[in-house]
Enquirer: 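Pasting in a structure now, in structure tokens, and then I'll have a few things to ask.
Worth knowing before you read on, the calculation uses all heavy atoms, side chains too, and leaves out hydrogens, waters and symmetry mates. Order of the sequence lines sets the chain letters (A, B, ...), proteins ahead of strands, with each chain counted from 1.
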Number of protein chains: 2
Amino acid sequence: MVKITDVARRAGVSPSTVSYALSGKRPISEETRQRVEDAIRELGYRPHAGARALAGRRSNVLALVVPLRAGIHVPTVMRFAVSVVTTARRHDHDVLLLTQEEGADGLTRVADTALVDALIVMDVQLDDPRLPLLRTLDLPTVLIGFPASPQGLTCVDLDFRAAGEACVEHLARLGHRSVALIGSPPEVYVRRTAFAQRVVQGFTDAADRSGMSSSVHPCETGAAREVAEQLLREQPALTGVVVHNEALLGPLVDAFADLGLRVPADLSVTAICPDELAESARVPITSVTLPTAEVGERAVELLMKKLDGTAVPESTLVPPRMTERASTGRRTVT
Amino acid sequence: MVKITDVARRAGVSPSTVSYALSGKRPISEETRQRVEDAIRELGYRPHAGARALAGRRSNVLALVVPLRAGIHVPTVMRFAVSVVTTARRHDHDVLLLTQEEGADGLTRVADTALVDALIVMDVQLDDPRLPLLRTLDLPTVLIGFPASPQGLTCVDLDFRAAGEACVEHLARLGHRSVALIGSPPEVYVRRTAFAQRVVQGFTDAADRSGMSSSVHPCETGAAREVAEQLLREQPALTGVVVHNEALLGPLVDAFADLGLRVPADLSVTAICPDELAESARVPITSVTLPTAEVGERAVELLMKKLDGTAVPESTLVPPRMTERASTGRRTVT
DNA sequence: ATGAAAGCGCTAACAA
DNA sequence: TTGTTAGCGCTTTCAT
């Protein structure tokens, strides 16, 4: 194994000079820098990660904690992970993969052993049990998602409020006057995450601003047919719906068809969901996507700032991006 | 930060005794071991990973290289990754996530910097460009999948040959006498991976052994209808098919339905694919699953053996596991 | 602009 | 069974 002293000898300089040439932490004359670089290349030198971590108190590794629970959209998680790895590499960091299964212990472990020097935690819940730990751990951390009290933490997520608004505004532009939101199952609103409520806020505010009539329906998986019937019964003027429920999107579109409603001729449908899903419905759905790659990138960049001591905002909301597909059209007055 | 000398002082022993108590690499009297353990617990000591890696020449981290290319089944990759992480943790190792994108350079990097001390490489191709490197790298490595020349490498995968056989034998037991294999696109057989040919071998051999008439059809994505029609035309006695083509499974079942063939009444369908896919077809498909979790587990265990110098077999074939669903039934003689 | 040298926290000879 | 000690390969004061 070739080490820093080998490089130093070959370049005719001291080890510290090699180290500084590598880190740029002190000025090196152009000439020495060149000699050092040559020596490094000729010998194929690569600094030993462990030695670096020990002496430099930085492992250049960050941990990514991925969720396992049922109901998670696996391709989304994977894309997020890939984006984190790619971005981390651009910043000369590697990524250690942790599963949620290890829980809080896993976090203390990698922190205490100095295996990693920063943390990205996905799928943060409103009352996430890891929060107290994360607050005391004093490892730079970025959360994906917003807990109930995000004070003192750094959180990133899609701007779900704006996503709700975007859907409504899209429908408004198409002339629709009466809209409904098909939301997540009731327990999601109560227990889990903040994003469901945010969508509702955005949806309702935008509808009010546009003077549209609107209704909101938290909705169980499997209840597609019931909800579709209920909508027709209770809101006969309805011509636009926003679906924020991955499991229900397909079945709902099917149910509308069964009830003789053509999409988009009779009913325009928008959704907040992974593009993949929107594309694979029987009618491709106009949707606001979860900008996985962008969120991953932002998370890593925030972490890098924190690592070099820069202050970062507590909350980062990634703006929604809407893709128009076949499921929305102008309101046809009959 | 509490370090080994702190523990040693508190327990009234030398640092090396603490180290040995931790590693078990030399006998420690029951009494000292107890004192050391107490001290560790009281102080909340955790060994510094970098220091360990430097002094012990072992990072206790292994790298997992995941594929990115289109056509890969993302949930399968993710499940595999989770299984690798879980198993690695059981063996006191962590997992560094690398993307295929980094290519061979990524492998040299983590090897040369001693960041990891073993490698798991997924999605190995017949003529994988990383093979020469992997052979010279002299890092313990396990490949998922089989290259053209696996000599000197350690490979794990589903036993695709047995999978092909299992499907045919299942159909044979149900009384079917004429079967067809719908395979991957032609280029897969030529270019990519060994598993496609293996399925064909297993399929053909088993059909021959049972005295069944059989045919094999490499098949492009999107050609479902054509293939279905061709099968009916050329093999009128056909009552059983084996599908080894993830993209085609659903469309094919649809095509059979369109052509008036009831599954399983007129035609029994089996597949080799992720369970997820088999379950979500319009008729749940009897299938041989890719035993992701088991392959991940085996890969890690092989690596652990290699790490402590035990010889391991070059090739590990995980036996297929068949799940009977609604798409297969007894041949009905008409 | 560069060098010398003291650690970083741990492991593993070597000694006893 | 335990202790002493010399590194592991790098970073970073402190000097010059």
Enquirer: For B:Leu115 and D:dC10, give me the distance from atom CG to atom P, rounded to whole Å.
Expert: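 Those two atoms, CG and P, are 13 Å apart.
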Enquirer: To the nearest 0.5 Å, tell me how far A:Arg298 CZ sits from A:Asp157 CG.
Expert: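 The CG atom of A:Asp157 is 12.0 Å from CZ of A:Arg298, to the nearest 0.5 Å.
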Enquirer: Please report the distance, rounded to the nearest Å, between CG in A:Asp117 and P in C:dC8.
Expert: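 Those two atoms, CG and P, are 19 Å apart.
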Enquirer: Which is it for A:Tyr45 and A:Asp6 under the side-chain contact (heavy atoms from CB on, under 4.5 Å) test, yes or no, and what are the steps along the way?
Expert: CA-CA 9 Å; A:Tyr45 167 68; A:Asp6 300 328; over 6 Å; no
Enquirer: Using a 6.0 Å cut-off, check whether atom CZ of A:Arg321 has over 12 heavy atoms from anything other than its own residue.
Expert: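 Atom CZ in A:Arg321 is not crowded, with 12 or fewer foreign heavy atoms closer than 6.0 Å.
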Enquirer: Using the C1' atoms of the five pairs at each end, what is the angle between the end axes of the helix from C:dA1-D:dT16 to C:dA16-D:dT1, to 10°?
Expert: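 It comes to 30° between the two terminal axes.
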Enquirer: Any heavy-atom pair between the side chains of B:Thr108 and B:Leu137 that's under 4.5 Å?
Expert: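 A side-chain contact under 4.5 Å exists here.
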Enquirer: Can you check the B:Arg33 CZ to D:dT1 P distance for me, whole Å?
Expert: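 Taking atom P of D:dT1 as the reference, CZ of B:Arg33 is at 10 Å.
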Enquirer: Should B:Lys3 be listed as having a side-chain N or O under 4.0 Å from OP1 or OP2 of C:dC10?
Expert: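 Indeed not, no polar side-chain atom of B:Lys3 lies that close.
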Enquirer: Please tabulate, one pair per line, each protein N/O and nucleotide N/O from nucleotides 4-7 of chain D that are separated by under 3.5 Å, including the distance.
Expert:
from: D:dT4; atom 1: O4; to: B:Ser16; atom 2: OG; distance (Å): 3.0

Enquirer: Taking only side-chain N and O atoms of B:Thr32, does any of them lie within less than 4.0 angstrom of OP1 or OP2 on D:dT2?
Expert: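 So the side-chain polar atoms of B:Thr32 do come within 4.0 Å of the phosphate oxygens OP1 or OP2 of D:dT2, strictly under.
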Enquirer: Measuring from the side chain of B:Ile28 (C-beta onward, heavy atoms only), which nucleotide among D:dT2, C:dG9, D:dT12 has the closest atom?
Expert: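 Nearest to the side chain of B:Ile28 among the choices is D:dT2.
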Enquirer: With a cut-off of less than 4.0 Å, is there a side-chain N or O of B:Arg52 near OP1 or OP2 of C:dG9?
Expert: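 For C:dG9, neither OP1 nor OP2 has a side-chain N or O of B:Arg52 closer than 4.0 Å.
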Enquirer: If only side-chain N and O atoms of B:Thr5 are considered, is one of them under 4.0 Å from the OP1 or OP2 phosphate oxygen of C:dG9?
Expert: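 Answer is no, no contact under 4.0 Å.
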Enquirer: Starting from P on C:dA12, measure out to CG on B:Leu22 and report it in whole angstrom.
Expert: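 Rounded to whole Å, this separation is 12 Å.
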Enquirer: Out of D:dG3, C:dT2, C:dG9, which nucleotide sits closest to the side chain of B:Val13?
Expert: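 Looking only at side-chain atoms, B:Val13 lies closest to D:dG3.
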Enquirer: Can you tell me how far apart OG (A:Ser315) and CG (A:Leu153) are? Round to the nearest 0.5 Å.
Expert: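 Spacing of OG (A:Ser315) from CG (A:Leu153) equals 11.5 Å.
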Enquirer: Could you tell me whether the side chains of B:Ser19 and B:Ser16 share a donor-acceptor contact shorter than 3.5 Å?
Expert: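 Their side chains do not contain a donor-acceptor pair, so the 3.5 Å distance test is not met.
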Enquirer: Expressed in angstrom and rounded to an integer, what is the separation of B:Asp112 atom CG from D:dC10 atom C1'?
Expert: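 So the CG-C1' distance, B:Asp112 to D:dC10, works out to 16 Å.
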Enquirer: Atom CD of A:Glu30 to atom P of C:dA1: distance rounded to whole Å?
Expert: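 So the two atoms are 11 Å apart, to the nearest Å.
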Enquirer: Passes side-chain hydrogen bond (donor to acceptor under 3.5 Å, both in side chains), B:Ser83 versus B:Thr86? Steps please.
Expert: CA-CA 5 Å; B:Ser83 141; B:Thr86 309; over 6 Å; no
Enquirer: Rounded to whole angstrom units, what separation is found between the CG atom of A:Leu54 and the P atom of C:dT11?
Expert: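 Atom-to-atom, A:Leu54 to C:dT11, this comes out as 11 Å.
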Enquirer: Walk me through it: do A:Leu115 and A:Leu96 pass the test side-chain contact (heavy atoms from CB on, under 4.5 Å)?
Expert: CA-CA 9 Å; A:Leu115 226 196; A:Leu96 201 78; 3.6 Å; yes
Enquirer: Thinking salt bridges, do A:Arg41 and A:Asp38 make one under a 4.0 Å N-O criterion?
Expert: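 The answer is yes: the pair qualifies as a salt bridge.
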Enquirer: Take the protein atom CD of A:Glu31 and the nucleotide atom C1' of C:dA1, then report the distance between them rounded to whole Å.
Expert: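 After rounding, the reported distance stands at 11 Å.
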